[in-house]
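Data first, discussion second: the structure below is written as structure tokens.
This is a predicted model, so every value here is computed, not measured.
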Amino acid sequence: MKTLLGLSVVAAALSLSSCSTDDSKTTDGRTPVTIQITDAPAYYDGIFLDIDHIEVITDGGREVIDVDIDPFDILDYREGEYKFLAEHDVPSGRLQEVRLVLDDDSYIVVDGVEHDLTTPSGQSSGVKIKVQDDLIPNIAYTLALDFDASKSIHQTGNGKYMLKPVIRAIPVAVSGAITGLISPITAMPHVFAIQGTDTLGTLASPTGKFYFPGVTQGTYDILIEPTDDAYKSLTIQDVTVTTGQTKDLGTIEILTK
């Protein structure tokens, strides 16, 4: 039985990439869309997603896009690396909803052991998420999805693992990025980019690197919260992000208490 999962979208945008040479796309009002996905790190050996298809709904109609790939480890795609999922023409018009449909073979690897990933029964009928943007006939767009692995996996009391996807659409064409390297990595920190009441969160990778894609232009405070109590928290204030650029904070030293 397939499970229909809505995208928990923090921000949504489609980026301009190229123009199709197929004249029929202009006359029949369709837009070529490429869909790809990246990951915010989590401390697991692997998270293998089995995606069956993606539904894109606009005010011009609904399109079901098959995802013809084997289950893949989403943890392999981070720090600006993307996994291609599919490309297809969809009805042009105002984008209203995106749905991700999983098949039954998703699983997680913890300490070298594979565990099935199940989804809550309440999500079997799908969660409708409104995504507002315009798809223009004959103009190709890329829909980039950011899967937050650490927030999407939940362990139950009986030791099983549940998948409650937290995914945001990345405004690739109208945003920047923030990156840096935390030392020592033994601090195992959570990293947050904060602007007013809006917060983005991620984990440092096993190398200590963190990466925030799809960050709207503006000024942010970067909060680093070690999970090891031997280390102090750190806030870097007034980090400026510019559209189309990656703000590199370099190596950030975390002090012991």
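For the pair F48 and V109, the minimum side-chain heavy-atom distance is below 4.5 Å. Counting heavy atoms from C-beta outward, E55 and V101 have side chains that approach closer than 4.5 Å. For the pair T207/I185, no side-chain contact is recorded, criterion being any heavy-atom separation below 4.5 Å from C-beta on. Contact of the V239 side chain with the K247 side chain is registered, since non-hydrogen atoms from C-beta on lie closer than 4.5 Å. Side-chain atoms of P189 and Y231, non-hydrogen and from C-beta on, never get closer than 4.5 Å to each other. Counting only heavy atoms from C-beta outward, the side chains of T38 and L145 never approach each other to under 4.5 Å. Annotation: side chain of L143 is in contact with side chain of V98 (closest heavy-atom distance under 4.5 Å). Contact check for L249 versus I222: side-chain heavy atoms found under the 4.5 Å cut-off.
Using a 3.5 Å distance cut-off with no hydrogens or angles, the side chains of T58 and Q96 do not pair a donor with an acceptor. With no hydrogens or angles considered, no side-chain donor-acceptor pair links S205 and Y211 at under 3.5 Å. Side-chain N/O atoms of T31 and S92 include a donor and acceptor closer than 3.5 Å. Side-chain atoms of D248 and T246 include no donor-acceptor pair closer than 3.5 Å. In this structure, a donor-acceptor pair under 3.5 Å is absent between the side chains of Q217 and T242.
Taking NZ of K257 as the start and OG of S233 as the end, the distance is 7.0 Å to the nearest 0.5 Å. Taking CD of E114 as the reference point, atom CD1 of I108 lies at 11.0 Å (rounded to 0.5 Å). Here T202 contributes atom OG1 and F212 contributes atom CZ; the two are 5.5 Å apart, rounded to the nearest 0.5 Å. Between the NE2 atom of H190 and the CD1 atom of I182 there is a distance of 11.0 Å, given to the nearest 0.5 Å. Taking CD of E225 as the reference point, atom OG1 of T235 lies at 7.5 Å (rounded to 0.5 Å). One finds the OG atom of S152 at 7.5 Å from the CD1 atom of I47 (value rounded to the nearest 0.5 Å).
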Exercise for the section: Show your reasoning for whether side-chain contact (heavy atoms from CB on, under 4.5 Å) applies to T34 and F84. Expected result: CA-CA 8 Å; T34 298; F84 170 85; 3.8 Å; yes
Handout entry: Verdict with supporting geometry, D52 and V67, side-chain contact (heavy atoms from CB on, under 4.5 Å)
Key = CA-CA 6 Å; D52 184 80; V67 179; over 6 Å; no
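More than 12 heavy atoms of other residues, nucleotides or ligands lie within 6.0 Å of CG in D59, so this atom counts as buried by the packing criterion. Annotation: E81, atom CD; neighbour count of heavy atoms from other residues, nucleotides and ligands within 6.0 Å does not exceed 12. Within 6.0 Å of CG on N158 lie more than 12 heavy atoms contributed by other residues, nucleotides or ligands.
Closest heavy-atom contact between V215 and V241: O-CG1, 3.8 Å. In terms of heavy atoms, Y44 sits closest to Y161 at CE2-CE2, 4.5 Å. Across all their heavy atoms, F147 and P165 have their closest contact at CE1-CB, 4.3 Å. Scanning both residues, S150 and A42, for their nearest heavy atoms gives N-CB, 3.6 Å. The two residues R62 and P91 come nearest to each other via the heavy atoms N-CG, 4.1 Å. The heavy-atom pair separating Y82 from A144 by the smallest distance is CE2-CB, 4.0 Å.
Each of D146, D148, D39 was evaluated against R168; a single residue qualifies, D146, per the salt bridge (charged side-chain N to carboxylate O under 4.0 Å, His left out) test. Partner I252 forms a side-chain contact (heavy atoms from CB on, under 4.5 Å) with one of V191, L234, L181 and no other, that one being L234.
The main-chain N or O of L75 is found under 3.5 Å from a side-chain atom of D73 such that the two form a donor-acceptor pair. Within the 3.5 Å criterion, the main-chain N or O of D238 finds a donor-acceptor partner in the side chain of D221. Between the T219 side chain and the T240 main chain, no donor and acceptor come within less than 3.5 Å of each other. Under the 3.5 Å distance criterion, the side-chain polar atoms of D50 are matched with a main-chain donor or acceptor of D105. Between the side chain of D45 and the backbone N or O of D111, at least one donor-acceptor pair lies under 3.5 Å.
Following chains of ILVMFWY side-chain contacts shorter than 4.5 Å, one cannot reach I236 starting from L223, and the two form parts of different hydrophobic clusters. Residues L203 and I178 do not share a hydrophobic cluster, clusters being chains of Ile/Leu/Val/Met/Phe/Trp/Tyr side chains in contact below 4.5 Å.
The existence of a salt bridge linking R94 and D134 is confirmed by a sub-4.0 Å separation between a basic side-chain nitrogen and an acidic carboxylate oxygen. Between R30 and E63, at least one side-chain nitrogen of the basic residue sits less than 4.0 Å from a carboxylate oxygen of the acidic one, meeting the salt-bridge criterion.
Taking the centre and axis of the six-membered ring of F72, the NZ or CZ atom of K83 falls inside the cone set by 45° and 6.0 Å.
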